[in-house]
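Whatever order the structure lists ligands and atoms in, that order sets their numbers, starting from 1. Along the sequence shown, residues carry numbers from 1.
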Amino acid sequence: MTKEINLKIKEKIAASNRILIVSHVRPDADAAGSVLGIGLALQQAGKDVQMVLQDGADNFRYLPGSEQIVRKADGAFDMIVVVDCSDPARVGDALNGYGSPDLVVDHHKTNLNFGTYNVVESEQAATAAILYDHIPDWGLAFNTDVASSLLSGLVGDTIGFRTSNVDSSVLRRAAALMDLGADLTYIYREELVLKSYQAVRYWGAGLNRLAYEDGLVFTSLTLADREKIGYAGNDDADLVNVLSAVREAEIALIFIEQEHNQVKVSWRAKPGLDVSGIAFSFGGGGHAAAAGADINGDLNEIMARVIEKTRELLVSSRK
Ligand code: AMP
Ligand code: MN
Ligand code: MN
């Protein structure tokens, strides 16, 4: 990241009063933590900040400031910031009626660089880590709530510091955020350990249909599962991380039926494989080890298509 772009971002922030921060649909901890991390730092600098997640921040009530996150942008803004999103479609309707963002901060290697300024560092473990590095460069400061938000993003995207991109510099950033007041034990429990009873029963529905074949483990979660169990989300309640525990599997796949004939697909790969390209080819994106796509069509038909292509990837990786 060059000094000039940081200087330009600092000047843009200094010249802006009303600032909109958005991130992706079905927010994960890096999306919510990054929105809050930069949003609360901007508030501390006296800015009028609106933080928007189309699907809300219900899963992140443990983070201070999350109650300020709304589902739709409202009013006019001097500056628009998108965090943890590789393409504008991933923000859902949050930016409808607004122009392209002034600043994009992200770590997806499939990022389309759709902002005026793009701080895209694909080697970083989380967008929250990029923000930790640049908040001082942009004339902003940390406080305990900013640190807690950023640590939550870092813990979330590294699944508790266990992904292959965790190195000593990631842990040093985490330690620095703890020194700034973030409570790791609390964040870790809230973020990764505790699930609602319904969420764990929902896992059961997916685990019941779990299939394994030659290096590939996969299952689905349907609208009927959610209705029967009373699980309120439209995500997988992190079941994909449970599938990644299957030792025999090189790739784990999960298919989550959405409303309006849509299916969310998540890929998780063992180190050495790269599933970002296959996700991108289905209109999605992500990282080598974790990627996703939203695909239009019937669940069974999409499962067949995606499994076939993923199997081709596995076979060619073995050559
Ligand atoms: P998920 O499977 O939703 O946990 O996402 C894994 C990774 O892929 C995350 O870094 C996501 O941001 C990215 N990703 C998931 N779905 C999409 C999508 N529809 N388009 C682009 N990137 C995605
Ligand atoms: Mn994310
Ligand atoms: Mn992320």
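With a 4.0 Å cut-off on non-hydrogen atoms, Arg26 does not touch ligand 1 at all.
When only interatomic distances are considered, the shortest N/O to N/O separation between Asp84 and ligand 1 does not fall below 3.5 Å.
Between Phe60 and Tyr62, the two ring planes are tilted [angle within 30° to 60°]. Using the six-membered ring where Trp is involved, Tyr231 and Tyr202 have ring planes that are parallel, under 30° apart on the 30 and 60° scheme.
Note on Asp214 versus Arg318: salt bridge recorded, some NZ/NE/NH1/NH2 to OD/OE distance being below 4.0 Å. A salt bridge does not link Lys8 to Asp102: none of the charged nitrogens lies less than 4.0 Å from a carboxylate oxygen. We find that Arg173 and Asp133 are joined by a salt bridge, their nearest charged nitrogen and carboxylate oxygen being less than 4.0 Å apart.
The neighbour count for Lys47 NZ, taken as heavy atoms of other residues, nucleotides or ligands under 6.0 Å away, is above 12.
None of the N, O or S atoms belonging to Cys85 lies under 2.8 Å away from the Mn ion (ligand 2).
Residues passing the side-chain hydrogen bond (donor to acceptor under 3.5 Å, both in side chains) test with Asp238, sequence neighbours excluded: Lys195.
Within the protein, the N, O or S atoms sitting under 2.8 Å from the Mn ion (ligand 3) are Asp30 OD2, Asp84 OD1, His107 NE2, Asp157 OD2.
For atom 16 (N) of ligand 1, the choice among Ser276, Gly292, Gly285, Ala126 with the nearest heavy atom turns out to be Gly292.
Of the protein's non-hydrogen atoms, His108 NE2, 3.7 Å is the one closest to atom 9 (C) of ligand 1.
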